[in-house]
Amino acid sequence: MKRRISLKDQRIKEKDRIVTQKKKNDPSAIKETEVPKVPSCMFFQYNTNLGPPYYILVDTNFINFSIKAKLDLVQSMMDCLYAKCVPCITDCVMAELEKLGQRYRVALRIAKDPTFERLPCSHSGTYADDCLVQRVTQHKCYIVATVDRELKRRIRKIPGVPIMYISNHRYNIERMPDDYGAPRF
């Protein structure tokens with residue numbers, strides 16, 4: 001374990017003691033801190049890139065839970081946001097649906113619908129959650145539709161990205177500015 005030398009220690013010269021104390025207490029000194037770069041679309045505390053038509057990135061489990069709740073995907077999205085919605089599906093989500101097999105063939109059929117916009121993936125691997133987080137971090141023009149708690153937790157860390165989820169047999173949206181979308185209940 002390393003021990004630090006106190007400023008009052010005899011081994012430190014008097015002139016060094018004064019300089020270090022000035023550095024700590026000088027309010028006029030320029031503070032250098034690492035500030036993360038924020039995109040210009042986040043200027044007004046909420047994402048100005050969002051607006052009708054809304055592009056909604058759909059996760060695998062969101063399609064499955066929509067089928068279980070007997071909700072029409074596109075119509076329910078439009079009912080939630082009161083605007084035109086374009087559901088988008090990445091290659092990774094498609095691959096995940098194909099891996100699930102016969103049990104999820106209805107979800108796969110819905111995902112292959114031409115109303116869904118297909119987004120190609122350029123990365124290696126087919127883990128859909130990482131793909132969605134990466135895409136939303138790069139382009140903040142999407143709403144993410146998911147029911148997965150872990151994915152929601154990861155997306156909440158990214159500023160300006162709303163999350164669509166299912167509750168009480170309808171779609172709800174989280175972190176959407178009040179100017180857009182359905183009223184709060």
Side-chain angles (χ1 to χ4, degrees), residues 41-42 44-121 126-185:
C41 67
M42 296 297 295
F44 294 110
Q45 292 296 311
Y46 63 87
N47 195 346
T48 55
N49 278 353
L50 288 173
Y54 295 107
Y55 289 90
I56 301 171
L57 276 175
V58 181
D59 190 25
T60 310
N61 56 22
F62 189 80
I63 298 171
N64 294 333
F65 277 86
S66 296
I67 293 167
K68 285 180 185 174
K70 297 180 180 168
L71 293 168
D72 179 33
L73 230 72
V74 179
Q75 188 59 45
S76 297
M77 286 177 182
M78 291 170 117
D79 291 344
C80 178
L81 293 170
Y82 295 144
K84 185 177 190 289
C85 299
V86 180
C88 303
I89 195 157
T90 62
D91 288 343
C92 293
V93 173
M94 266 319 233
E96 202 172 86
L97 277 170
E98 287 167 359
K99 282 180 189 174
L100 290 173
Q102 278 299 106
R103 189 169 171 206
Y104 297 95
R105 65 183 177 277
V106 177
L108 185 62
R109 188 175 298 139
I110 289 171
K112 286 185 177 177
D113 192 343
T115 58
F116 278 69
E117 187 176 310
R118 204 55 199 273
L119 300 172
C121 295
T126 58
Y127 188 56
D129 291 1
D130 289 342
C131 176
L132 294 175
V133 169
Q134 178 189 4
R135 188 170 293 271
V136 164
T137 307
Q138 289 172 351
H139 313 286
K140 294 193 186 317
C141 61
Y142 297 108
I143 296 171
V144 179
T146 186
V147 187
D148 184 12
R149 281 186 182 158
E150 185 63 28
L151 181 58
K152 278 191 206 175
R153 188 185 59 74
R154 287 174 65 185
I155 290 172
R156 282 186 190 115
K157 293 178 182 175
I158 305 167
V161 180
I163 301 168
M164 185 177 280
Y165 61 96
I166 302 170
S167 70
N168 298 332
H169 294 283
R170 58 173 301 194
Y171 292 169
N172 287 327
I173 195 133
E174 173 184 312
R175 295 173 55 188
M176 187 77 160
D178 292 333
D179 298 348
Y180 304 128
R184 305 275 181 249
F185 290 105

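If you read the sequence from its start, that first residue is 1, and numbering goes on from there.
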Notebook entry, point to check: Quick one: CG on Asn61 to CG on Asn64, what's the gap to the nearest 0.5 Å?
Noted result: 7.0 Å

Next item on the list: Kindly determine whether His139 and Leu57 satisfy side chain to side chain contact (heavy atoms under 4.5 Å, CB included), including the steps that lead there.
Entry: CA-CA 11 Å; His139 313 286; Leu57 276 175; over 6 Å; no

Margin query: If you define the side chain from C-beta out and look only at heavy atoms, does anything of Phe65 sit under 4.5 Å from Leu71?
Written below: no

Notebook entry, point to check: Looking at side-chain heavy atoms only, is the closest gap between Thr60 and Tyr104 below 4.5 Å?
Noted result: no

Note to self: Take a 6.0 Å sphere around CZ of Arg103 and say whether it holds more than 12 heavy atoms from other residues, nucleotides or ligands.
What the structure shows: no

Next item on the list: Report yes if the side chains of Ile143 and Leu81 come closer than 4.5 Å at any heavy-atom pair, otherwise no.
Entry: yes

Check: Got a second to check how far Ile158's CD1 is from Gln134's CD, nearest 0.5 Å?
Finding: 10.5 Å

Notebook entry, point to check: Any donor-acceptor pair under 3.5 Å linking the side chain of Arg105 with the backbone of Gln102?
Noted result: yes

Margin query: Testing the basics here: between Asp79 and Tyr82, what is the closest heavy-atom pair and its distance to 0.1 Å?
Written below: O-CE2, 3.4 Å

Margin query: So Cys88 and Glu117, do their side chains get closer than 4.5 Å, heavy atoms only?
Written below: yes

Check: Atom CD of Glu174 and atom NZ of Lys152: how far apart are they, to the nearest 0.5 Å?
Finding: 6.0 Å

Notebook entry, point to check: Looking at Leu119, Leu132, Val161, Ile56, which hits side-chain contact (heavy atoms from CB on, under 4.5 Å) with Tyr142?
Noted result: Leu119

Note to self: Rounded to the nearest 0.5 Å, what separates atom CG in Asp91 from atom SG in Cys131?
What the structure shows: 8.0 Å

Check: Do Val144 and Arg154 have side chains that get closer than 4.5 Å, going by heavy atoms?
Finding: no

Next item on the list: Search all heavy atoms of Lys84 against all heavy atoms of Met78 and return the closest pair with its distance.
Entry: CA-CE, 3.9 Å

Notebook entry, point to check: Between atom CG of Asp72 and atom CD1 of Ile67, what is the distance when rounded to the nearest 0.5 Å?
Noted result: 11.0 Å

Notebook entry, point to check: Would you say the side chain of Ile89 lies within less than 4.5 Å of the side chain of Ile63, judging by non-hydrogen atoms?
Noted result: yes

Next item on the list: Please examine the side chains of Lys68 and Ile166, heavy atoms only from C-beta on, and report whether any two atoms are closer than 4.5 Å.
Entry: no

Item checked: Atom of Leu50, atom of Gly160 and distance for their closest heavy-atom approach -> CD1-O, 4.2 Å

Next item on the list: Indicate the atoms forming the closest heavy-atom contact of Ala128 with Cys92, along with that distance.
Entry: CA-CB, 3.9 Å

Check: Is there a side-chain contact between Thr146 and Ile163, using heavy atoms and a 4.5 Å cut-off?
Finding: yes

Note to self: Within this structure, what is the CG-CG distance for the pair Asp129 and Leu151, rounded to the nearest 0.5 Å?
What the structure shows: 4.5 Å

Check: Quick one: ring pair (Phe, Tyr, Trp, His ring centres under 6.0 Å) pairs with a partner in residues 144-173, sequence neighbours left out?
Finding: Phe62-Tyr171

